[in-house]
J.: 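Here it is, the structure, as structure tokens.
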Amino acid sequence: MKRILLSLSVIALASCVQQKNAEQWTDAEIEQKITEVLPQLTLEEKVAMCHAQSKFSTPGVARLGIPELWYSDGPHGVRMEINWDDWGHSHWTNDTATAFPVLTALASSFNPDLAYEYGNAVAEEALYRGKDVMLGPGVNIYRSPLNGRNFEYMGEDPFLAGQMAVPYIKGMQKNGVASCVKHFALNNQETWRTTVDVEVSERALREIYLPAFEAAVKEGNVWSIMGSYNLYNGQHCCHNAKLNSILRDEWGFDGCVITDWGGATDTKESAENGLDIEMGTWTNGLTASTKNAYDNYYLAQPYLEAIKKGEIDVKTLDAKVSNILRMMYRTNMAKTLKHGRKGNAEHIETALNIAREGIVLLKNDNKVLPLDKETTMKIAVIGENATRSMMGGGSSELKTFHEVSPLEGIKSHFTKADITYSMGYASGPEIYGWVLPSKLNADSLKRAALSTVKDADLVIYVGGLTKAHQQDCEGGDRVSMDLPFGQNELINDILAVNKNMVMVLVDGNAVTMPWIDNVPTIVEAWYGGCQAGNAIADVLCGDVNPSGKLPYTFPVKLTDNAAHSFESEEVFPGLAAENEAKNHKEYYKEDILVGYRWHETKNIKPLFAFGYGLSYTTFELSNISAKNSSKTISVKATVSNTGDREGAEVVQVYVGKQDSKVLRAVKELKGFKKTKLAAGEKAEVSIEIPVEKLAFWNEETKAWEVEKGKYNVYVGTASDNIAETIEISVD
């Protein structure tokens, strides 16, 4: 085992210890240590360090005191223990964790400070569980609302994703736990994820799909990166020459590149294209496995034999081991190590605060919300998601020691109300990653729900998706944007009986809303982690004023989304290649026009726009100005809370080029600032934008280029709610 097990009393004591951050070796000290250790390793020991020894560990070198590396899935908490040689749960009794809200909820907060707290809390729990590398955060771009893993990512805008990922990484790595940013790159669907070969312009690659990874490397100084399953330009991304060149040569990344589990496919490419650690080979990443396959990995015995035969340069191996040792000296061989802790009050509070700030108020006609906590009205709570555990979702699954359901939260907050509950619909059990039909009778469930709402003063419908297969889960994309399990029909039937409905959506993806005109109040709550019920109830009763903003566009219908507008399988999810049946070809024909960029450039009205979110109070922006020097655009605005309660507003700054020589979106997010204000309070907000961030990727010169000329600076509170547009000139 990796570490000596302490008595429970000592563990409990250690979990309460307040200790400074892990003390790091300097870069110079680390490089010196690598220089000293590398010659002491045998060829066989070096190769062994480059591949797994179990599902979630890689070997060290005991005779030299080099420890094993232990990994855990994230990014929403530390996953329960998995068996040494297969994907079964180990059934430990002490592998629980705090369940944090999904990254979609974090992105909705538009609050980088919360991202820092998130990373710090997850790292502390990782330390307590003896983990050195946490697999997260995910920063892939929301290209399609059907992607099963969108809930693990941070939305459709690369700037927002980068701004939220960097503090998450810093909060984690200050503890001496490596963040492993994933999935590098273009991993934007689950369908055919291991065989789809993405064809995308280099401009779209550079401007949309890589910026968050670049920010993670250059600004976050991330210590590891996970390659993705898919191919890019005919080569798997875990050992892709082009991506490796960008990562190492252009960005200066000096950490470890780790495969997604089962992402390596070739020994020579893995050796020569920058892959350092191979995990999960002979699996499909989720269920299939080959017993004791580790010595047969591409970077195991085949790699060793190729080096001995002179077919692959041993320098490739030394580079890999250097990167691995560098990560070790930053984590489990740091100058000092920090104590871990889990499930403590601070972590629970962090989870609650993220869930609260991530909730987005989409609609509130007639100011139905907030509800009076002292109300004695009859409230009918309907929907399976009011009681369903949301700890599933493929690699993001968690075993949490407690979870507050929405129904529990509502009951604990509205103690004087007459609250009744009816399930309404049923999702069915999930077996081996597949959702089976429910054994409950759908008509009976519906009749019971209609009976429950008939005499209610208010209906709180808690529905959405389920964080299960084809409903927000690794390994399968959604088959439709519609709510599953007959929910749309159920909602319409309820509205025919009782129109006083508050809709609470629990999900990680956009859904269609054919009933939107008849539902006065809609709350997007996401998957809120272990404190989801309390966070939802806090917003419903007004203890918390909602301040979340959508991190992606809600289209009216699927074909309004850029990737689905072409209504062609070659654009999503891909077509079988003519001469190579095992790989599928997919063409990103929408190019740089992803999300709101597509909607605004093509003049397609969304259901709800990127950056949108209501509040229980009102805000005004005034005194808006934008001035620029040769290097910086300085934007200022006065934000006033003109309502009668405390709240927070997000000032968003977008920039668009007039008369560009290349295709451009109308505007692109370049800065934002969240400000909390008391009723009647005002504050000046300043946002600085480097002029270099206005650049586009010139495919002819293969370089970034800032066009001279006139630009529009848009200042507002959503991509479609701009208070003022200011023209500036860039010379």
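Computed from a predicted model, the values in this text were never measured in an experiment.
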J.: List the steps, then state whether salt bridge (Lys or Arg N to Asp or Glu O under 4.0 Å) holds for Lys411 with Glu408.
T.: CA-CA 5 Å; Lys411 285 184 174 181; Glu408 289 172 327; over 6 Å; no
J.: Are a donor atom and an acceptor atom from the side chains of Thr617 and Asn641 found within less than 3.5 Å of each other?
T.: yes
J.: Side chains of Ser565 and Glu590: donor-acceptor distance under 3.5 Å anywhere?
T.: no
J.: Are the side chain of Glu125 and the backbone N or O of Gly77 linked by a donor-acceptor pair below 3.5 Å?
T.: no
J.: Under a 3.5 Å distance rule, please check whether Asn364 uses its side chain to pair with a backbone N or O of Ile522 as donor and acceptor.
T.: no
J.: Check whether Tyr616 reaches the backbone of Val539 with its side chain - one donor and one acceptor, N or O, closer than 3.5 Å.
T.: yes
J.: How about Ser634 and Glu688: does a side-chain donor come under 3.5 Å of a side-chain acceptor?
T.: yes
J.: Classify the angle between the aromatic ring planes of Phe485 and Tyr425 as parallel (below 30°), tilted (30 to 60°) or perpendicular (above 60°).
T.: parallel
J.: Carefully, step by step, assess Lys342 and Glu124 under the rule salt bridge (Lys or Arg N to Asp or Glu O under 4.0 Å).
T.: CA-CA 7 Å; Lys342 73 168 184 177; Glu124 289 187 338; over 6 Å; no
J.: Go through the structure and list residues passing ring pair (Phe, Tyr, Trp, His ring centres under 6.0 Å) with Tyr596, not counting sequence neighbours.
T.: Phe610, Tyr654
J.: With no hydrogens and no angle check, is any side-chain donor or acceptor of Ser144 less than 3.5 Å from a backbone partner on Leu146?
T.: yes
J.: Dump the intermediate steps for side-chain contact (heavy atoms from CB on, under 4.5 Å) on Ile687 and Val685, then the final yes or no.
T.: CA-CA 7 Å; Ile687 297 173; Val685 171; 4.0 Å; yes
J.: Here's one to test your reading of the geometry: is the NZ or CZ of Lys549 within 45 degrees of the ring axis of Phe110 and under 6.0 Å from its centre?
T.: no
J.: Tell me if the CG atom of Asp365 is crowded by more than 12 foreign heavy atoms within 6.0 Å.
T.: yes
J.: Are the side chains of Pro137 and Val181 in touch, meaning some heavy atoms are under 4.5 Å apart?
T.: yes
J.: So, Tyr461 versus Gln487: side-chain donor-acceptor pair below 3.5 Å or not?
T.: yes
J.: Would you check if Lys373 and Asp543 make a side-chain contact, meaning some heavy-atom pair closer than 4.5 Å?
T.: yes
J.: In terms of side-chain heavy atoms, does Gln658 have a donor or acceptor partner in Asn712 at a distance below 3.5 Å?
T.: yes
J.: Assess, by modelled atom type and distance only, whether the side chains of Ser547 and Lys674 contain a donor and an acceptor separated by less than 3.5 Å.
T.: yes
J.: Indicate the atoms forming the closest heavy-atom contact of Thr400 with Ala99, along with that distance.
T.: OG1-N, 3.8 Å
J.: To the nearest 0.5 angstrom, please state how far the NZ atom of Lys416 sits from the CD atom of Glu374.
T.: 4.0 Å
J.: Can you tell me if Asn353 and Arg356 form a side-chain donor-acceptor pair at under 3.5 Å?
T.: yes
J.: If you measure only the distance, is there a donor-acceptor pair under 3.5 Å linking the side chains of Ser640 and Glu620?
T.: no
J.: Quick one: are Tyr116 and Lys174 in side-chain contact, heavy atoms under 4.5 Å?
T.: yes
J.: If you define the side chain from C-beta out and look only at heavy atoms, does anything of Thr466 sit under 4.5 Å from Tyr527?
T.: no
J.: Do Asn120 and Tyr118 have side-chain atoms, one donor and one acceptor, less than 3.5 Å apart?
T.: no
J.: Are the side chains of Thr717 and Glu649 in contact, using a 4.5 Å heavy-atom criterion?
T.: yes
J.: Would you indicate whether the side-chain heavy atoms of Lys378 and Thr420 approach each other to under 4.5 Å?
T.: no
J.: Just by distance, do the side chain of Ser412 and the backbone of Gly409 share a donor-acceptor pair under 3.5 Å?
T.: yes
J.: Could you report the tightest heavy-atom contact between Asn545 and Glu646, atom names first, then the distance?
T.: ND2-O, 2.8 Å
J.: Does Asp457 form a side-chain contact (heavy atoms from CB on, under 4.5 Å) with Asn500? I'd like the steps, not just the answer.
T.: CA-CA 7 Å; Asp457 299 310; Asn500 300 317; over 6 Å; no
J.: Identify the heavy atoms of Thr104 and Glu152 that sit nearest to each other, and give their distance.
T.: OG1-N, 4.4 Å
J.: Considering non-hydrogen atoms only, spot the tightest contact between Ala386 and Tyr421 and give its length.
T.: CB-CE1, 3.8 Å
J.: Okay, side chain of Asn498, backbone of Val459: is any donor-acceptor separation there less than 3.5 Å?
T.: no
J.: Could you tell me which non-hydrogen atom of Leu398 sits nearest to which non-hydrogen atom of Thr98, and how far apart they are?
T.: CD1-O, 4.4 Å
J.: Please answer whether the main-chain N or O of Tyr711 pairs with a side-chain N or O of Glu727 as donor and acceptor at a distance below 3.5 Å.
T.: no
J.: Can you tell me which residue among Asn366, Leu362, Val502 is in a side chain to side chain contact (heavy atoms under 4.5 Å, CB included) with Thr521?
T.: Val502
J.: Could you grab the distance from atom CD of Glu384 to atom CG of Leu407, nearest 0.5 Å is fine?
T.: 13.0 Å
J.: Does Ser719 offer a backbone N or O that forms a donor-acceptor pair with the side chain of Lys667 under 3.5 Å?
T.: yes
J.: Using the side-chain hydrogen bond (donor to acceptor under 3.5 Å, both in side chains) rule, pick out the option among Glu403, Glu349, His402 that qualifies with Gln531.
T.: His402
J.: Is it the case that the side chains of Asp560 and His599 hold a donor-acceptor pair, with the cut-off being a distance below 3.5 Å and no angle test?
T.: no
J.: Is a donor on one side and an acceptor on the other found under 3.5 Å between the side chain of Asp472 and the backbone of Asp507?
T.: no
J.: Please test Phe608 against Val360 for side-chain contact (heavy atoms from CB on, under 4.5 Å), starting from the C-alpha separation and ending with a verdict.
T.: CA-CA 11 Å; Phe608 296 107; Val360 183; over 6 Å; no
J.: Please evaluate residues Met154 and Leu160 with respect to the criterion side-chain contact (heavy atoms from CB on, under 4.5 Å), reporting the C-alpha separation (whole Å), side-chain torsions for both, the decisive distance (0.1 Å), and the verdict.
T.: CA-CA 7 Å; Met154 300 199 200; Leu160 174 63; 5.8 Å; no
J.: In terms of side-chain heavy atoms, does Asn488 have a donor or acceptor partner in Trp515 at a distance below 3.5 Å?
T.: yes
J.: Counting distance only, does the side-chain N/O of Glu117 pair as donor-acceptor with the main-chain N or O of Leu114 below 3.5 Å?
T.: no
J.: Return the minimal non-hydrogen interatomic distance between Pro101 and Ile354, and the atom names on each side.
T.: CG-CG2, 3.8 Å
J.: Would you check if Asn509 and Arg478 make a side-chain contact, meaning some heavy-atom pair closer than 4.5 Å?
T.: yes
J.: Is the shortest side-chain heavy-atom distance between Leu669 and Val653 below 4.5 Å?
T.: no
J.: Name the orientation class of the two ring planes belonging to Tyr552 and Trp526 (parallel below 30°, tilted from 30 to 60°, perpendicular beyond 60°).
T.: perpendicular
